[in-house]
Amino acid sequence: MTKVELQGVGKRYPARGRSGTEVVAVDDVSIDIASGEIHAVIGYSGAGKSTLLRLVNGLERATSGAILVDGVDITALSEAKLRSVRSRIGMIFQQFNLFHSRTIAKNVEYPLVVAGTPRPEREARVAELLSFVGLSDYAASHIEQLSGGQKQRVGIARALATNPGLILADEATSALDPETSREVLALLTKINRDLGVTILLITHEMDVVREIAHRVTVMEAGKAVEQGEVFEVFSNPKTDTTRRFVSTALPTEPDPAHLRALREKHRGKLIALTFRDGGADQPIVFQTLADRGVGVNIVHGGITDVGGRTFGKLTLELIGEGVQVEHAIAALAQQTELEVLA
Ligand SMILES: Nc1ncnc2c1ncn2[C@@H]1O[C@H](COP(=O)(O)OP(=O)(O)OP(=O)(O)O)[C@@H](O)[C@H]1O
């Protein structure tokens, strides 16, 4: 279990050539990652996620701020001391970064060889790791004989070899299909839960965050623009960037063009209701409408799970006499978050 604290971290790259300008890849980012937490950093291309990850494993030096790994500021360490910190950090990559000329067992064994672990111990550990990731039968196979999901399992076994307290995952599932992604995410969840390993992952996929992260930082142009528990951040987004991520994976309100199309088709009053854990649920809403003799069509949206909690938006068409519909809207507004759309 490892705790990571980023305190006002910045990374600037000097201008390239005469006419170039300095690049601020990471700009005053602070993140507290508790021991045993799965923390996701989400952002679009160029937001600074990869740079941030390289700063945490010490492959690059921050130009400002402090990065404390279990209380030790790695920005101030010598290269030799940094290597020792790095040996307690496992890395997982989008393109797996495996040795194609070696067997699966040899790939997993590699960090143990580097760490100087004696051979009998290494062999036992490799067998244990392959069993943990469900690849015991593939020890003697070569990388090209494996599917993408299996390759990532080898990557994960290798990352776990030296018993790290922290795993850094760089777009670990971006190269995989949705089904295989879910299996790999389930394995990461198991590692976190059963072994207590802290995980810092970077991604541009909202589904990854929704499925496994406890807390999230949204990055944009090098800055951390939102941060907190996954449910809190995504059920109540404050920035356009976060709203755009939410709309890729969660049912939200129709955009203006879609709303116009809905309006063409549905002549009744259109309202959007927000459902969240602890709030009014659907039976109450539909009962309220039925009690007032108001008919209803669900025309857009859905309900899903965010960080293990219910969240969603439904756009409804209300059908009935004007005054009944107005009364129904007033009653619903008492029970749940409601917006009259058109
Ligand atoms: N070594 C470097 N030298 C100069 N600029 C760099 C360097 N590495 C990254 N950058 C710049 O820093 C910014 C952030 O890049 P970074 O790769 O960290 O973003 P990202 O969010 O990981 O995006 P992607 O998912 O596309 O990798 C970009 O403008 C990028 O061009």
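Whatever order the structure lists them in is the order used to number ligands and atoms, beginning at 1.
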With [atom] as the reference point, say which of [options] has the nearest heavy atom.
atom: atom 20 (P) of ligand 1; options: Ser174, Ala25, Gly46; answer: Gly46
atom: atom 17 (O) of ligand 1; options: Ala47, Ala221, Ser50, Gly222; answer: Ser50
atom: atom 19 (O) of ligand 1; options: Ser45, Gly48, Ala15, Pro14; answer: Gly48

Contact between [X] and ligand 1, counting heavy atoms under 4.0 Å?
X: Gly43; result: no
X: Arg54; result: yes
X: Met219; result: no

message: I need the full list of ring-ring contact (aromatic ring centres under 6.0 Å, His included) pairs touching residues 163-213, with sequence neighbours left out, sorted by first then second residue.
response: none
field: Polar contact flag for Lys49 and ligand 1 (N/O pairs, less than 3.5 Å)
entry: yes
query: Quick one: are the ring centres of Phe311 and Phe234 less than 6.0 Å apart?
result: no
field: Aromatic contact, His142 with His100 (centres under 6.0 Å)
entry: no
- prompt: Between the side chain of His214 and the main-chain N/O of Glu37, is any donor-acceptor distance below 3.5 Å?
  reply: no
query: Is a side-chain donor or acceptor of Lys11 paired with a backbone partner of Arg61 at a separation under 3.5 angstrom?
result: yes
- prompt: Parallel, tilted or perpendicular: which fits the ring planes of Tyr44 and Phe245, with parallel below 30° and perpendicular above 60°?
  reply: parallel
- prompt: Do you see a protein non-hydrogen atom under 4.0 Å from atom 31 (O) of ligand 1?
  reply: no
message: Are Val216 and His39 packed together at the side-chain level, in the sense that at least one heavy-atom pair is separated by less than 4.5 angstrom?
response: no
- prompt: Any idea which protein heavy atom is nearest atom 29 (O) of ligand 1, and the distance to it?
  reply: Val23 CG1, 4.0 Å
Heavy-atom nearest neighbour in the protein, as seen from atom 1 (N) of ligand 1, with distance rounded to 0.1 Å: Tyr13 CE2, 3.4 Å
